[in-house]
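Please read the structure below before turning to the comments.
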Amino acid sequence: MAQIKTEEQYKAACERINELLKVVSNETPAGDKNLLELDMISDLVADYEELHFPVVSKEEMERERMSFKELFDTCPFLNVTAFAEWIGINPSLMRKYKAGISVPQGKNRELIRRGLLHVAGKLESVNV
């Protein structure tokens with residue numbers, strides 16, 4: 001049985017999937033060669049991802065999840081004041097969140113969540 005053995009093959013397969021998704025739609029006949037190729041490559045990619053990028057259970061994710069305070073303690077290069085200003089929260093209040101004196105609720109919690117996701121996306125897209 002065919003399988004993806006290297007990261008280079010994996011990347012090439014993902015690129016091919018993206019190309020095929022441009023020509024295959026819900027209206028594509030079941031016997032279409034592009035749809036068949038897409039199905040086969042998707043299965044190969046899924047097998048590779050299961051082996052190399054296993055899904056972590058929700059419980060395991062919760063155990064590994066760090067608190068807001070831990071984030072700034074373990075990443076001292078992150079400036080809590082600058083982050084607060086960037087996402088539109090009072091820096092003094094943000095320092096209270098960091099110290100564990102207060103807990104973000106409602107709008108502020110959502111602003112922090114979105115800000116952290118944005119930063120994570122930026123970090124993930126860095127080309128090293």
Side-chain angles (χ1 to χ4, degrees):
M1 178 178 169
Q3 71 180 92
I4 296 173
K5 297 178 183 170
T6 66
E7 187 174 348
E8 185 178 79
Q9 290 174 338
Y10 170 73
K11 287 179 181 178
C14 289
E15 287 177 21
R16 183 63 184 144
I17 286 172
N18 286 329
E19 292 169 2
L20 290 166
L21 287 172
K22 293 176 184 173
V23 296
V24 172
S25 70
N26 290 339
E27 288 78 39
T28 302
D32 183 87
K33 65 180 182 178
N34 290 319
L35 178 59
L36 295 172
E37 182 182 359
L38 178 61
D39 285 343
M40 287 189 291
I41 294 175
S42 295
D43 288 343
L44 294 173
V45 166
D47 291 343
Y48 183 88
E49 288 176 345
E50 280 182 35
L51 184 62
H52 292 47
F53 311 115
V55 176
V56 178
S57 70
K58 187 173 183 178
E59 293 80 19
E60 191 174 343
M61 284 179 64
E62 286 300 322
R63 281 194 307 272
E64 293 178 2
R65 185 174 240 163
M66 73 172 59
S67 72
F68 192 65
K69 179 182 181 332
E70 289 173 319
L71 170 66
F72 288 97
D73 287 347
T74 58
C75 303
F77 51 85
L78 294 177
N79 183 303
V80 71
T81 300
F83 180 74
E85 291 171 349
W86 180 66
I87 63 172
I89 292 179
N90 180 297
S92 177
L93 182 58
M94 182 68 85
R95 286 189 290 278
K96 288 180 182 179
Y97 295 154
K98 177 188 178 244
I101 296 168
S102 184
V103 177
Q105 300 290 325
K107 179 184 172 192
N108 283 352
R109 182 183 173 133
E110 184 61 19
L111 287 170
I112 291 168
R113 189 187 73 76
R114 286 185 189 171
L116 291 172
L117 288 174
H118 184 77
V119 169
K122 290 286 189 186
L123 291 172
E124 219 172 46
S125 69
V126 172
N127 188 10
V128 179

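Counting heavy atoms from C-beta outward, Thr28 and Leu38 have side chains that stay 4.5 Å or more apart. Side-chain contact check for Pro29 versus Leu35: every heavy-atom pair is 4.5 Å or farther apart. Contact check for Lys22 versus Asn18: no side-chain heavy atoms found under the 4.5 Å cut-off. Looking at Ile87 and Met94, their side chains come closer than 4.5 Å, going by heavy atoms from C-beta outward.
Atom NE2 of His52 sits about 11.5 Å away from atom CG of Asp47, to the nearest 0.5 Å. Distance check, rounded to the nearest 0.5 Å: CG of Leu111 to CH2 of Trp86 gives 10.5 Å. The CZ atom of Arg95 lies 11.5 Å from the CZ atom of Phe72; values are rounded to the nearest 0.5 Å. The CZ atom of Arg16 lies 13.5 Å from the CG atom of Leu44; values are rounded to the nearest 0.5 Å. Here the CD1-CD distance, from Ile112 to Glu110, works out to 10.0 Å after rounding to the nearest 0.5 Å. Distance check, rounded to the nearest 0.5 Å: CD of Glu19 to CG of Asn34 gives 10.5 Å.
Taking 4.0 Å as the cut-off between side-chain N and carboxylate O, Glu7 and Lys11 count as a salt-bridged pair.
Tested against Asn108, the residues Leu93, Asn90, Val103 include a single side-chain contact (heavy atoms from CB on, under 4.5 Å) partner, Leu93.
Among all heavy-atom pairs drawn from Tyr10 and Glu49, the shortest one is OH-OE2, 2.5 Å. Considering all non-hydrogen atoms of both residues, Glu85 and Pro91 come closest at CG-CG, 3.6 Å.
Side-chain heavy atoms closer than 4.5 Å link hydrophobic residues (I, L, V, M, F, W, Y) into clusters, and following such links, even through other members, never connects Tyr97 to Leu117. Put simply, Val45 and Val23 are part of the same group of oily side chains (I, L, V, M, F, W, Y) that touch within less than 4.5 Å, one to the next. Residues Phe77 and Leu71 share a hydrophobic cluster, clusters being chains of Ile/Leu/Val/Met/Phe/Trp/Tyr side chains in contact below 4.5 Å.
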Verdict with reasoning, Ile89 to Phe83, per side-chain contact (heavy atoms from CB on, under 4.5 Å)
CA-CA 9 Å; Ile89 292 179; Phe83 180 74; over 6 Å; no

